[in-house]
Structures are given as C-alpha cells and as structure tokens.
Amino acid sequence: MTRLGVVGYGRRIHGMIAGAFRQIDADLRVVAIVDPDEAAVRERLQECDRGDVVFYESIDAMMRGARLDAVAVGTRCNLHAGIASELSAFEVPLFLEKPVAITMDQAVALEHAFDGSRCPVVVSFPLRVSPLCRLARQYIEAGAVGEALHVDAVNYVPYGTGYWEQPYRDFSVTGGLFLQKATHDFDYLMYLMGQSVTRIAAMATRGRIYGGDKPAGLRCSQCDETDTCPESPENRRRNGSGGTLTDHMCLFSVDCGTGEQLNEDCSSALLEFADGSHGVYSQVFYARRDAGARGATVSGYAGTVSFDWYANELKRVRHHHPFSATERASGDMSHFGGDIALADDFLGVVHGTRCSRTPIETGLQSVYACLAARDSAAGGGFVNVRQVGAQS
Ligand SMILES: NC(=O)c1ccc[n+]([C@@H]2O[C@H](COP(=O)([O-])OP(=O)(O)OC[C@H]3O[C@@H](n4cnc5c(N)ncnc54)[C@H](O)[C@@H]3O)[C@@H](O)[C@H]2O)c1
C-alpha cells in the first residue's frame, strides 16, 4: 500500500487522486490529511479512503505521526510556498500544485528552503509532460527547425469565466492570471526552447469585460437582468456558451476587484530567451466555444513545428524540402494526457523508478517569469527575470 498524506484536500487534488493517481497505483490510500474544512473533505473522499484516514492539526504532526510514503499539496495558490518550504525538511516525495508561489518573497524563501533539501518534488505542470508537447520537443531536439529562433504561443481559454464567478477571482489568493494560468505556458515554452526566459515585457487589459460596479455579493438568483445577461444560467444554456449552468456569483460585481487587483480580460508577453531568441505569448479569457485554442509554433531557418492541444494535432513543415506532415493524437484525456503523465512521474519517484521531470526548479523558474510579466504589465518596460540559483 502507498500511504499518501494530503495538505489541502480540495477539488483539484481530489480529482488527481481519484483519477490519475489511482490509475497508476491502485494500492494508493489517503491515510492523513491537514485541512481545516474536515466536513467538506469527508464528503469528497472516496470510499476506500474513508475508513483509515486521520486528520491532523498541523503538517509537523502529520509528518511525525503518519509514516507517509508521499505527500500532495492541493491548497490554494497563496499557501503553496509556505507549505512546501515546511515539507522540504522531510525526505518524503511531494506533489505540489502550481503556482509554487505568488510573490517574490515567497518564491525566494521557497528556493532557499529547497537549497540542499533531499525532498523530491513533482510540480503539477501537466502541459510540459503531455505527449503532444513532448513530441514537439523531440522534433525540435532532432533538428526539425534547425536552431529555434522564435516561438509564438496562444491560450484562448474557453472556460475563462471561472476566474470571475468562482473564488479564483480573489486576487490576494491567486496573484493574478499570469501566475494562475501562464505559469503552465511559460514552463512548457522554456521546455520547448530548451532554455530559460531572461527578460519580459507584458501588457494586461482589464475591466473592459469582466468586473464592474454590480453590488457586492450579487448572484444570478437575486439579479433582475438575467433575461438579457449572456452570463445568466438560462442564456448560457440557450447559447451553449459554457461556464456554470446553475446559480453563480456575478461576473460584473465589485467583488471581482478593481485596478490591478482585478483579473485581466486578456494579457500578452514578449519573451526573450537566454540565447537571444524570442517569443510572444497571449492569453484571452473571454473566448468561448470553438474559439478555444492552446499551443505554440516554434520556428527556425530549417522548419516550423506547431501544435494545438484542443485540435490534438502537431504540424511539421520542412522549409527547404517539399514535405510537410500533420500528426493527430488520439484520445480525450485530462489535461491532454498530462495528468496521467504527472501521476506516472510522481508515483515513479515515490517507488524509486523515476526522476521528476517537473522538479521544484521548474516551478520556481516559471514563477520568476510570471512575476516579471506581472511587474512589467503594471509598470511598463522590460523586466529581467530572476534565475533560479541567482544570488539574492
Ligand atoms: N495543475 C493544474 O492544472 C491545476 C488545475 C486546477 C487547479 N490547480 C491548482 O490547485 C489549487 C487548488 O485549487 P482547487 O480548485 O482544488 O481549490 P479548493 O478550494 O477546492 O481546495 C483547496 C483546499 O485547501 C483547503 N485549505 C484551506 N486552507 C488550508 C490550510 N491552511 N491548510 C490546509 N488546507 C487548507 C481548503 O479547505 C480546500 O479543501 C490551486 O492553487 C490551483 O491553482 C491546478
């Protein structure tokens, strides 16, 4: 039996445990939990975990009392760095949700905590380990584009309403959508290009669509505009436009935040890589239905490799030979096959058969890039990206 402890047994980590983790290791059991909302967690737990699980008051008490083989951290974003820092003192493999930190102070403290630590970490970056992204990297490594000079990446998020109608709209918890969303994309872009982002200039447009002056606490069930509002459950159902189809918090309420404490409707970043090559990335949160797109195009003198996770397709073009190829991936898997790959990595680390492909350094380097993007969007101009291992 694999004995798993969980800090923050919320929706995402429950989904990973009940789905991908158990597909890889049917003998996995949740035996210890630290979470202040015990009642909600007990509702969520699978039958096989309900009998033996023990709730602990603190991480320290759990680590000393529960004889764990592995720990997973599924709290909200603002708590990841502090919890992971505490767990770095133990040698128990850690599955850590992203973003690994939401401020520079948190990220630097986390980096210091892992300096010399023997705690192996799998950061929850499904895109980097997804089969389509790995295939693209393999072609690039094999010379499909020659020297990679440029990357262009997009994320048209068709489920973006969640960042205004759910608790994810709380900026003090998420740190904004570069950290919440682009942390995945900056990570896989660094993987594809085989190097770190060193400089960023970014822009964010906010308050043009979501956010607004509707009263605090407003829900559709109390609103007299549901006939005309495209976000009401009845109009979403009628239009097939996605999002929560039951009563939900208003996306145009003062609760969404103001000024720079409001999630952006869309944002973009100009990225410089360590060798001087560059790229652009855009994320758009009001896209709906078939507008969903996420992927990248990497090019060099010899060719172009591009892929899109929604289309589940990769294209290769040889610039100087009359051949082009399109490859289609089969299947319809969670996070495009990335979640099962992450689970395989994590349980491989736990059982000593694998190394992490998303160690703590990848989480930190991505956070440093996101923080530079957030600073640039707020202040204008290029911002240097702190590099993991740099002196404070
Ligand atoms: N990797 C991915 O692709 C991916 C996808 C979705 C969400 N996420 C991340 O997962 C994280 C959790 O999101 P969620 O939607 O599951 O949230 P959630 O609110 O459902 O879960 C958070 C849990 O943490 C618990 N908690 C709160 N304070 C705590 C504390 N001090 N100590 C221990 N537990 C505490 C809550 O009671 C809750 O059970 C977020 O950071 C989000 O960014 C990642």
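For ligands, and for the atoms within them, numbers begin at 1 and follow the listed sequence.
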What residue and heavy atom of the protein are closest to atom 39 (O) of ligand 1, and at what distance? D35 OD2, 2.7 Å

What protein heavy atom sits nearest atom 35 (C) of ligand 1, and how far off is it? P36 CD, 3.3 Å

Could you tell me whether L79 approaches ligand 1 through its side chain, its backbone, both or neither, with non-hydrogen atoms closer than 4.0 Å? side chain

Does a donor on one side chain and an acceptor on the other come within less than 3.5 Å for Y281 and Q283? yes

Is M16 touching ligand 1 with its side chain, its backbone, both, or neither, if touching means heavy atoms under 4.0 Å apart? neither

Please check if atom OH in Y156 has more than 12 non-hydrogen atoms from other residues, nucleotides or ligands closer than 6.0 Å. no

Residue, atom name and distance, where the atom is the protein heavy atom closest to atom 33 (C) of ligand 1: V34 O, 3.4 Å

Identify, with sequence neighbours excluded, every residue that meets salt bridge (charged side-chain N to carboxylate O under 4.0 Å, His left out) alongside R67. none

Among protein heavy atoms, which lies nearest atom 17 (O) of ligand 1, and at what distance? R76 NE, 3.1 Å

Over 60° means perpendicular and under 30° means parallel, so classify the ring planes of H320 and Y301, tilted if in between. tilted

As an exercise, identify every atom of ligand 1 less than 4.0 angstrom from a heavy atom of S124. 1 (N)

Which of the numbered atoms in ligand 1 are below 4.0 angstrom from a heavy atom of Y9? 39 (O)

Of all residues at least two apart in sequence or in a different chain, which pass the salt bridge (charged side-chain N to carboxylate O under 4.0 Å, His left out) check with R206? E264

Between E97 and ligand 1, which residue portion shows a heavy-atom distance shorter than 4.0 Å: side chain, backbone, both, or neither? side chain

Are D308 and K315 within salt-bridge range, i.e. N to O under 4.0 Å? no

Select the closest option to atom 12 (C) of ligand 1 among G8, G74, A40, A39, judged by heavy-atom distance. G74

Is it the side chain, the backbone, both or neither of H80 that has a heavy atom closer than 4.0 Å to ligand 1? side chain

Under a 3.5 Å cutoff, is there a donor and acceptor pairing between the side chains of E313 and T326? no

Residue, atom name and distance, where the atom is the protein heavy atom closest to atom 5 (C) of ligand 1: R12 CD, 3.4 Å

Out of all atoms in ligand 1, which are within 4.0 Å of some heavy atom of R44? Include the element for each. 39 (O)

Considering only heavy atoms of D37, which atoms of ligand 1 have at least one such atom less than 4.0 Å away? 37 (O)

Which part of Y168 is near ligand 1, with near meaning a heavy atom under 4.0 Å away: side chain, backbone, both or neither? side chain

Close-contact set for ligand 1 against Q180 heavy atoms, below 4.0 Å: 43 (O)

Taking CE in M203 as the centre, count heavy atoms belonging to other residues, nucleotides or ligands within less than 6.0 Å. Is the count above 12? no

Can you find an N or O of C77 that's nearer than 3.5 Å to an N or O of ligand 1? yes

